[in-house]
Each structure stands twice: as structure tokens, then as C-alpha cells.
Asks: 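The following block contains the structure, expressed as C-alpha cells.
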2 protein chains.
Amino acid sequence: MAITMRPSQALRLWQQVVLSEIRDDAPDLTMRQMAILLTIYLEPPPHTVRGLAARLGVTKPVITRALDTMGGLKLVARHRDENDRRNVLVRRTVEGALYVERFGDAIIARALDLPI
Amino acid sequence: MAITMRPSQALRLWQQVVLSEIRDDAPDLTMRQMAILLTIYLEPPPHTVRGLAARLGVTKPVITRALDTMGGLKLVARHRDENDRRNVLVRRTVEGALYVERFGDAIIARALDLPI
DNA sequence: TCGGACTGTAACGCAACCGAAACGTTTTCG
DNA sequence: CGAAAACGTTTCGGTTGCGTTACAGTCCGA
């Protein structure tokens, strides 16, 4: 069953989720960072810098910097690919999995609160 | 009927919408700017700087600067309140309404595409 | 084996954002 | 009236993100 909603519901859902993200103390990720994080956690590995850049339609340095930032937050981890040492493999972390899980729950909670 | 979805659906929906926003050429708004824009368009006027700041839990300069940026993009407009000239009233624009409308449609489209 | 192709990163310059504090204008009220 | 309060903006110093470009390490084929 596909998810269906009206425009006003979709917009209000988005507003509520964004508002809750702004309020809590967690450092807000940029839209690009969020896209990278979700891609890493929703799509099957392995994830490389190049692959992520192509997937998102951004340049590689954008990925590198986002990994710097999110690595500092322990949301993702970098490891050199031992089979092809040119590659960097981006791996999930416990903290990142928890972050993504909480975020999904937040969306669902806001969706349930939507006016009919 | 409340909107219900599973965590994986919610996360994938968010990912798809964010991805589509990153890809298109339109300048991406920050999370705060998006929250302000949606608040202006979803909640009844009048909207003041102070009111928006309180609603979002941010400082007034954050609102002022976001209005500068989004005003430049014609997404919102500022007008002095003639009844109390200390206030600035934030008004909607045709361009902003169109932007918000398109954004809502994008969410719905991505929701329909979600895997079951 | 060695030059080219490929990977990710660093460096540069620019722009935008942030919080805190100071500011000018307008209103309120003692 | 005149001082205090309220409103939005500006300024300050600092941080962060972006795109472009240039670079160092690694792999591979002639």
C-alpha cells in the first residue's frame, strides 16, 4: 500500500519534523549531509566517496567534508579499502544507526499527529 | 485518518525528498530557513520577527538574516506594521506560495513511489 | 617498469551562517 | 514630558560549508 497524503499534510509533516530537529540540541546537519547519511544507512554497502558523490550529484570534496564533519560526530566511519587502497569505504557506526533510527521515529510520530 | 508508515518508509521518503532538493538547481534553503518559510505559509498571519523567533526557538537575528536571504529569492516579503511601527510583518509572495506548493507536491510524489 | 588513469584529500577564495552585544526607532507608562 | 521597554537590525568575531583547482597515493596496462 502506497503512502498517500494531501499537500497540506505533507507540508505540515515536513514543518513539524524540521521544527523538532531545530529545537533539539543535536547539531543540525545540512541537507547534503543528511542525504549522505541516509544513503549510507538505507542503501547496501559498500559506499565509496566517488559512489556517494555520483549518487547525490555533488562533487567529491563535498563528500569528503561531510564525512569529516559526520565522522567527528561519530555518525559514520572511514576505512581504507584493503583490496584497492585508493578507495575509502564509509561504514556505519552504532551512534549513526541510533541517530537514523531516532530520526525515523520522529517522522512517524509527527505523521501520526497530523490533522486529518 | 492519520498517516501511518514504517520507519524504513519514513526514512526513505526523507532521503528521496532531500535528494531531489539537492539535485535541482534551486538554491537550497537551510533547515532553519525551511522551517521559517513553512511556518509563514502554513500558519495564520500576522508573522513578526519576534513571533517567528519564539516559534522556532532561535534568536531574532537568525530570523532577520533568513528573511534577508529568502527576501532576495522573493520567497517572502517584509512590510512595516503601520499600527505599531516597531513591528515588521512578514508576508507571503506569489513566488513563495509556488515554491511551497511545488515542495508539497514533491513530497507526495516521493511518498507514492515508496516501496511497500 | 613506468606512465597514465583513478581515488580521495588539501588548499584556496568566497559566501553564508551563528551567538552575543550594541544600536536606532518606536511605543508605553509613570 | 521623559525614562524605560519593546522591536528589528546591524555589527563583531568566529565557524562552517561550498565549488574549483591542484595534489599525493594507488592501480593497471602497454
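Order of the sequence lines fixes the chain letters, A, B, ..., with proteins taken first and strands second; residue numbering starts at 1 for each chain.
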Asks: Where along residues 68-90 of chain A does a heavy atom fall under 4.0 Å from DNA chain C?
Replies: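 Heavy-atom contacts with DNA chain C come from A:R78, A:R86, A:N87, A:V88.
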
Asks: Between the side chain of B:Q16 and the main-chain N/O of B:L13, is any donor-acceptor distance below 3.5 Å?
Replies: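 It does not hold such a pair.
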
Asks: Which whole-number value in Å describes the distance from A:I22 CD1 to C:dG19 P?
Replies: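 In whole Å, C:dG19 P lies 11 Å from A:I22 CD1.
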
Asks: Which listed nucleotide (C:dG19, D:dG8, D:dT10) is nearest to the side chain of B:T59?
Replies: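 Selected nucleotide (nearest to the side chain): C:dG19.
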
Asks: Identify which nucleotide among C:dA20, D:dC7, C:dC18 has an atom closest to any side-chain atom of B:R50, counting heavy atoms from C-beta outward.
Replies: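 For the B:R50 side chain, the nearest candidate turns out to be D:dC7.
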
Asks: Given C:dA11, C:dC17, D:dG8, which nucleotide is nearest the side-chain atoms of B:T64?
Replies: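 Shortest atom-to-atom distance from the side chain points to D:dG8.
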
Asks: Whole angstrom is fine here: how far is it from CG in A:L29 over to C1' in D:dT15?
Replies: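 Checked: the CG to C1' distance equals 16 Å.
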
Asks: Is B:T93 reaching over with its side chain to a backbone N or O of B:L75, donor-acceptor style, under 3.5 angstrom?
Replies: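 Pair found, side chain donor or acceptor close to backbone of B:L75.
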
Asks: Which whole-number value in Å describes the distance from A:K60 NZ to D:dT20 P?
Replies: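 Spelled out: NZ on A:K60 to P on D:dT20 is 14 Å.
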
Asks: Could you tell me the separation between the CE atom of B:M31 and the P atom of D:dG17, rounded to a whole number of Å?
Replies: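 Computing the B:M31:CE to D:dG17:P distance gives 12 Å.
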
Asks: Under 4.0 Å between a Lys/Arg side-chain N and an Asp/Glu carboxylate O for B:D81 and B:R86?
Replies: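 Looking at B:D81 and B:R86, the cut-off is not met.
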
Asks: Check whether any side-chain heavy atom of A:M34 sits under 4.5 Å from a side-chain heavy atom of A:M31, and report yes or no.
Replies: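 Not in contact.
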
Asks: On DNA chain D, compare the nucleotides closest to A:R65 and B:I63; which residue's is nearer the 5' end?
Replies: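 Going by which nucleotide is closer to the 5' end, it is B:I63.
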
Asks: Counting only side-chain heavy atoms from C-beta out, which of C:dC17, D:dT21, D:dC18 sits nearest to A:P61?
Replies: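 Shortest atom-to-atom distance from the side chain points to D:dT21.
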
Asks: Please list all pairs meeting side-chain hydrogen bond (donor to acceptor under 3.5 Å, both in side chains) that have one or both residues in residues 52-68 of chain B, counting only residues at least two apart or in different chains.
Replies: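 Sorted pair list: B:E43-B:R55, B:D68-B:R78.
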
Asks: May I have the distance from B:D28 (atom CG) to D:dC18 (atom C1'), rounded to whole angstrom?
Replies: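 Going from B:D28 (CG) to D:dC18 (C1'), I get 10 Å.
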
Asks: Report the relative orientation of the aromatic rings in A:W14 and B:W14; use parallel for angles under 30°, tilted for 30 to 60°, perpendicular for over 60°.
Replies: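 The rings of A:W14 and B:W14 lie parallel, inter-plane angle below 30°.
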
Asks: Taking the minimum atom-to-atom distance to the side chain of B:V62, which one of C:dG19, D:dG17, D:dG8 wins?
Replies: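 The nucleotide sitting nearest to the side chain is C:dG19.
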
Asks: What is the minimum heavy-atom distance between B:R32 and A:I22, and which atoms define it?
Replies: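 Heavy-atom minimum between the residues: CA-CD1, 3.6 Å.
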
